[in-house]
Amino acid sequence: MENPITMLALEFRTSTTNNNQTASPSSVATTLPATSAAHRNAKTSQKFWQLSAESKLLFGVVFVLTAIMCGIGFFIFTYYANQIDAKYDETGRVLAQTVAGQGQLALSSSNNSGQLLKTQLKRLAHAVLESTPDVAAIEFYDASGQEVYVEMRSGLPKGVLISDYTAAIRQGTKPLGMVHVKLTGGIRAGLITSTKYFLILPFIGAWLFALLFTFCISYIWTKHLKVLVDGVRKVSSGEFGFQISAQELWGQVQQLAFAFNDMSNRLKVYENQNIESLTFERNKLEAVLLSIADGVLVCDDQNRVVILNDTATEMLAIEHPQAFLGTELEDYISETAEAERLFQPVLKAFEAYQHDLATGKLLSTQGNAPFSHLLSLPEKSVRLLLSPIRDSGYNHLGFVMIMHDITKEREVDKLKTDFISNVSHELRTPVTTVKSYVDTLYFHRNELDADTFQEFMETVYVETERLKRLVNDILDFSRLDEGGVALDREWQDIAPIVNLTVQSIRVLAEKKNLTLTTALESNLPHVYINADAIERVLRNLLSNAIKYTPEGGRIKVKAEVSTNGHGLILSVEDNGLGIPAEHIPRIFDRFYRVENKVHTVKGTGLGLHLVKITIEKHHEGTVFVHSKEGIGSIFGFELPLNPDFAEQL
């Protein structure tokens, strides 16, 4: 008969082998989708590395905490399991020795027959099996190693691991046999299982508590940090003065929140001060730019108009200045310039100028001078001065355009040119005449009769007088136009001055068959004047009337008291060519000549300007003109009759 212990061992090995063989296909099947599993792991790893730093830190803390708890639990469990194994082995050895002591009595009795011995051993084994449920079998052997009796517990499951504890049966020092006590290990397994649950449950609880504590701390700190991060983002976006609610925070984080709020308040105060300063500087700059008499136009780096003063608005004839702001300057089209983009060539030339300056094609000293360009607007000439606007890094921010109206300057230059031309012509005519007649008299005097000689001398005299008047006019203009010159004046009767002047110029009027009359009120009041200056004024007015009145015309000189009784009015009226209405406002300007446009009579353009200077600047009076083209003109002036006038001077 086979040993039941051996059979149990064989059955355990067979079961283990079958289990391994059964598990083999599944393990093979598990290795089939290895590629897809690796792909999923790669995706999981990629997702993990895409997490935020806070999440990675939390995962790391959980992992370390879990590893620590697992290590501690495994160590304690291993320790207690080893202790249980030791106690269990000790118990097995004690049980084997106890059974050996009981079996010694049966084996030591020589009177016991074989059947009686088995009966006693059976009784002993049965008692042990009944009293100790963990005993699987008891085997007795004699001194020769022959099996005497074997008792096995029935109903043991297959595959149970049997622990064999052996004890020698001796009588004194004489060996009688051996006893093998085989234990199932159920008690040990129960103790280990109980110990496992006893240890696992508290450790799981502690682990869960630690995880909960970690998550709570992490949530609190994350919430605190989120509050701080939101505050920093608000401030970094320019929302200075933003306050963090520090009531929900605690510890050092709360102190940090207080410091942050203080910093935010300081930044707000600093921002307000800077804004006020910048606003003041901007308003001051705009006020300066807008108050400049010249046109000012400021554009950004995209050539869009950002500032425009009233003068520039008037120059460019812009009806809606606010709508014009923000538009590109290149798109400006003058309504009176046949839809021409006036500033397009200007901006191109300015860009080329800046490029040449940056590339060194122009001298660096020219960079300090603004770019100049002449722009012709309808009825105006404008000098444009463009200067770039740059920051500290020399980045282009835009440009400033100054629009200087040079229409009057150009007209004055033209008038000066015309004046020089006219004066040259006026001087050349009498000089040429005088020279030709003097040459004739000098070289052919003996060949001339008395009448011819007299005629030549009269011509020389007339041309010399003409030359004298021309030179005197120029000298008088130069002298009277200066502010520091003062004429000597006294109270005088103007009637003798008028009669003497009319009488001296009557010869010229008679040459053109003109009727020259006077109309003087009786008992005219005296006026505070310089007689020579008034005579020169009246002579200029009469000379102009004679020049521009055709033959057979009439000229009338009038002197009367004004209707309000405050002044004396002296006027020269003719029925000559008249003056077009558009020229009347400028007729008294220096160098201005209507003749250059509609007349053929030459002159210097100084006569009427001398009249204006003499009356208004040196006699505190006023000049006036009334004229209609083709009908005639009335030129005159009014002198004040204030009785205290002389005393005030």
Side-chain angles (χ1 to χ4, degrees), residues 286-300 303-353 369-389 398-422 579-599 605-606 608-609 612 625 629:
E286 287 189 0
V288 171
L289 292 178
L290 295 177
S291 62
I292 294 177
D294 292 330
V296 177
L297 190 145
V298 181
C299 293
D300 60 12
N303 295 337
R304 292 188 295 261
V305 180
V306 294
I307 297 178
L308 184 73
N309 69 352
D310 295 338
T311 306
T313 302
E314 182 181 353
M315 285 184 178
L316 299 178
I318 299 174
E319 296 181 357
H320 304 288
Q322 293 301 323
F324 186 67
L325 294 177
T327 61
E328 294 188 10
L329 186 60
E330 291 183 359
D331 296 336
Y332 170 77
I333 297 176
S334 176
E335 297 179 356
T336 57
E338 298 180 358
E340 181 183 0
R341 295 180 182 269
L342 296 177
F343 290 102
Q344 196 172 48
V346 178
L347 296 178
K348 288 183 178 180
F350 179 59
E351 292 178 0
Y353 174 80
F371 173 74
S372 179
H373 187 87
L374 182 62
L375 182 66
S376 295
L377 294 174
E379 300 181 358
K380 288 183 181 179
S381 295
V382 179
R383 173 72 65 185
L384 302 181
L385 299 176
L386 286 79
S387 296
I389 302 174
F399 63 88
V400 178
M401 179 187 294
I402 304 297
M403 308 174 65
H404 180 59
D405 187 356
I406 60 172
T407 304
K408 291 186 178 295
E409 286 84 345
R410 297 194 72 186
E411 289 180 354
V412 169
D413 290 340
K414 187 177 183 303
L415 291 175
K416 288 180 178 179
T417 303
D418 293 341
F419 167 72
I420 294 174
S421 176
N422 293 333
I579 302 171
E582 64 269 19
H583 298 293
I584 292 178
R586 302 191 57 194
I587 197 65
F588 288 101
D589 292 350
R590 61 179 177 177
F591 308 133
Y592 191 83
R593 287 176 49 77
V594 179
E595 292 84 348
N596 289 336
K597 299 177 175 57
V598 297
H599 292 70
L606 291 178
L608 292 179
H609 185 65
K612 181 180 179 65
V625 57
E629 190 175 5

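Please read all numbers here as calculations on a predicted model, not as lab measurements. Along the sequence shown, the residues carry numbers beginning at 1.
In this structure, Gly326 and Arg304 approach most closely via the heavy-atom pair O-CD, 3.4 Å. The heavy-atom pair separating Phe371 from Ala349 by the smallest distance is CZ-CB, 3.7 Å. When every heavy atom of Gly295 is checked against every heavy atom of Met315, the shortest pair comes out as N-CE, 4.1 Å. Across all non-hydrogen atoms, the minimal contact from Ser387 to Phe350 is C-CZ, 4.4 Å. Among all heavy-atom pairs drawn from Leu374 and Ile406, the shortest one is CD1-CD1, 3.4 Å. Cys299 and Leu297 get closest at one heavy-atom pair: SG-CD2, 3.3 Å.
For Glu409, the CD atom sits in a packed shell: over 12 heavy atoms of surrounding residues, nucleotides or ligands are nearer than 6.0 Å.
Panel note: side chain Ser372, backbone Leu385; no donor-acceptor pair is recorded below 3.5 Å. The main-chain N or O of Phe588 is found under 3.5 Å from a side-chain atom of His609 such that the two form a donor-acceptor pair. A side-chain donor-acceptor contact under 3.5 Å links Asn309 to the backbone of Asp294.
Here the side chains of Val305 and Val298 are not in contact, with every heavy-atom distance at 4.5 Å or above. Residues Ile318 and Leu308 form a side-chain contact, since some pair of their non-hydrogen atoms from C-beta on lies under 4.5 Å apart. Inter-residue side-chain proximity for Met403 and Leu316 is flagged as met; some heavy-atom pair is nearer than 4.5 Å.
No option in Val346, Val400, Ile402 other than Val346 meets the side-chain contact (heavy atoms from CB on, under 4.5 Å) test with Leu386.
Note that OG1 of Thr407 and CZ of Arg383 are 11.5 Å apart. Values are rounded to the nearest 0.5 Å.
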(Q) Before you tell me yes or no, could you show the steps for Leu375 and Phe343 under side-chain contact (heavy atoms from CB on, under 4.5 Å), namely the whole-Å CA-CA distance, both residues' side-chain angles and the distance that decides it to 0.1 Å? (A) CA-CA 9 Å; Leu375 182 66; Phe343 290 102; 4.0 Å; yes
Q: Report the C-alpha separation of Val296 and Thr311 in whole Å, then their side-chain angles, then the decisive distance to 0.1 Å, and conclude whether the side-chain contact (heavy atoms from CB on, under 4.5 Å) test is met.
A: CA-CA 7 Å; Val296 177; Thr311 306; over 6 Å; no
Q) Are Leu347 and Asn303 close enough, and set up right, to give a side-chain contact (heavy atoms from CB on, under 4.5 Å), and what steps lead you there? A) CA-CA 9 Å; Leu347 296 178; Asn303 295 337; 4.1 Å; yes
Q: Assess whether side-chain contact (heavy atoms from CB on, under 4.5 Å) is satisfied between Met401 and Leu329, documenting all intermediate values.
A: CA-CA 11 Å; Met401 179 187 294; Leu329 186 60; 3.7 Å; yes
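Using the six-membered ring where Trp is involved, Phe324 and Tyr332 have ring planes that are perpendicular, over 60° apart on the 30 and 60° scheme.
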